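Both ligands and their constituent atoms are indexed starting at 1 by order of listing. If you're wondering where the values come from, they're calculated on a predicted model, not measured in any experiment. In this chain, residues are counted from 1 in sequence order.
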Amino acid sequence: MSIWFTEKQTENFGITMKINKTYVSEQTEFQKLDMVETEEFGNMLILDGMVMTTQKDEFVYHEMVAHVPLFTHPNPKHVLVVGGGDGGVIREVLKHPSVEKAVLVEIDGKVIEYSKKYLPEIAVDLENPRVEVKVDDGFMHIATSENEYDVIMVDSTEPVGPAAKLFEKGFYEGISKALKEDGIFVAQTDNPWFTPELISQVFSDVSEIFPITRLYTANIPTYPSGLWTFTIGSKKHDPLEVPAERFHDIETKYWTPQLHTAAFALPKFVSDLL
Ligand code: AG3
């Protein structure tokens, strides 16, 4: 007998994976958390029935969330990650020597605890002295920060449950206030196949607040449709105008200087949403 997990990505469509082992299946204070071993993608974190990250493809998402805004900023020193309790974005952020301090604000301490245990190469840097981990509400953290951060990354779940308010215009206004005068933020903004309205709405909200607003994509096989989007709001620096010499050497598996720019080239049906 074999056990299979299906994430119903829409009412009528899903992704199915063979599960070898279930390590954790528990209702935390905020969400349902499952940690499993899959045959194809290694260990996998699932929140509220949705695939968050897997050992095999996590590098795409984490590199693309971190490196695109961090290379766009000429000297990012103080960085905030909202969500991201698995630690994958933090691991990538620390590859930038200019970053003196990276703050991670994750609402659910259980995500951190189980990621350290079952996703050790993703959570590898959560104890690094350049990192400050806070188990707290990211929305509140943003609301009480002013002129503090060079780069903010929103590594949230989907706009249902605890993360719903991280997709509202008021949140992006808070982010703008929390950023310094040349700050940049990025948020994961789902996929154009099943949630085109979300992409349009976020892009329009962000462009009312930030002078430079851009959308880029990456290929993530375990996320709905595989075509994932990220929205950047920037006060001054344009991700499409990064001087070539700013791209210092870092070890990556997905991001390259060429891809930094290429990721902003959108299929027509996606650019039509903006
Ligand atoms: N955060 C975004 C995951 C969204 C996936 N959606 C889905 N499976 N329906 C990922 C967290 C990784 N650090």
Ligand 1 versus [X], non-hydrogen atoms closer than 4.0 Å: side chain, backbone, both, neither?
X: F194; answer: neither
X: E7; answer: side chain
X: Q188; answer: side chain
X: P224; answer: side chain

*asked:* Nearest non-hydrogen contact with atom 2 (C) of ligand 1 belongs to which option: G83, S156, A187, G84?
replied: S156
_Taking atom 6 (N) of ligand 1 as the reference point, the nearest protein heavy atom with its distance_ = E158 OE2, 2.4 Å
_To check your reading of the model: name the closest protein heavy atom to atom 10 (C) of ligand 1, its residue, and the distance in Å._
Y223 OH, 3.1 Å
Short list, please: which atoms of ligand 1 are under 4.0 Å from a heavy atom of [X]?
X: D86; answer: 11 (C), 12 (C), 13 (N)
X: V51; answer: 5 (C), 6 (N), 7 (C), 8 (N)
X: D155; answer: 1 (N), 10 (C), 11 (C), 12 (C), 13 (N)
X: H62; answer: 12 (C), 13 (N)

*asked:* Measuring only between side-chain heavy atoms, which start at C-beta, is I90 closer than 4.5 Å to H62?
replied: no
*Describe, in one word, how the ring planes of Y223 and Y61 are oriented to each other, choosing from parallel (under 30°), tilted (30 to 60°) and perpendicular (over 60°).*
perpendicular
Ring centers of [X], [Y] separated by less than 6.0 Å:
X: F71; Y: H248; answer: yes
X: W228; Y: Y216; answer: no
X: Y172; Y: F185; answer: yes
X: F13; Y: W193; answer: no

*Could you tell me whether ligand 1 has any atom less than 4.0 Å away from a heavy atom of M52?*
yes
*T157, any N or O under 3.5 Å of ligand 1 N or O*: no
_Using the rule side-chain contact (heavy atoms from CB on, under 4.5 Å), only one of V51, N219, I220 pairs with D57; which is it?_
I220
_For V81, the option from V154, V89, V133 that meets side-chain contact (heavy atoms from CB on, under 4.5 Å)_ = V89
*Is there any side chain to side chain donor-acceptor pair (under 3.5 Å) pair reaching into residues 98-107, and which pairs are they, with sequence neighbours excluded?*
K101-E132
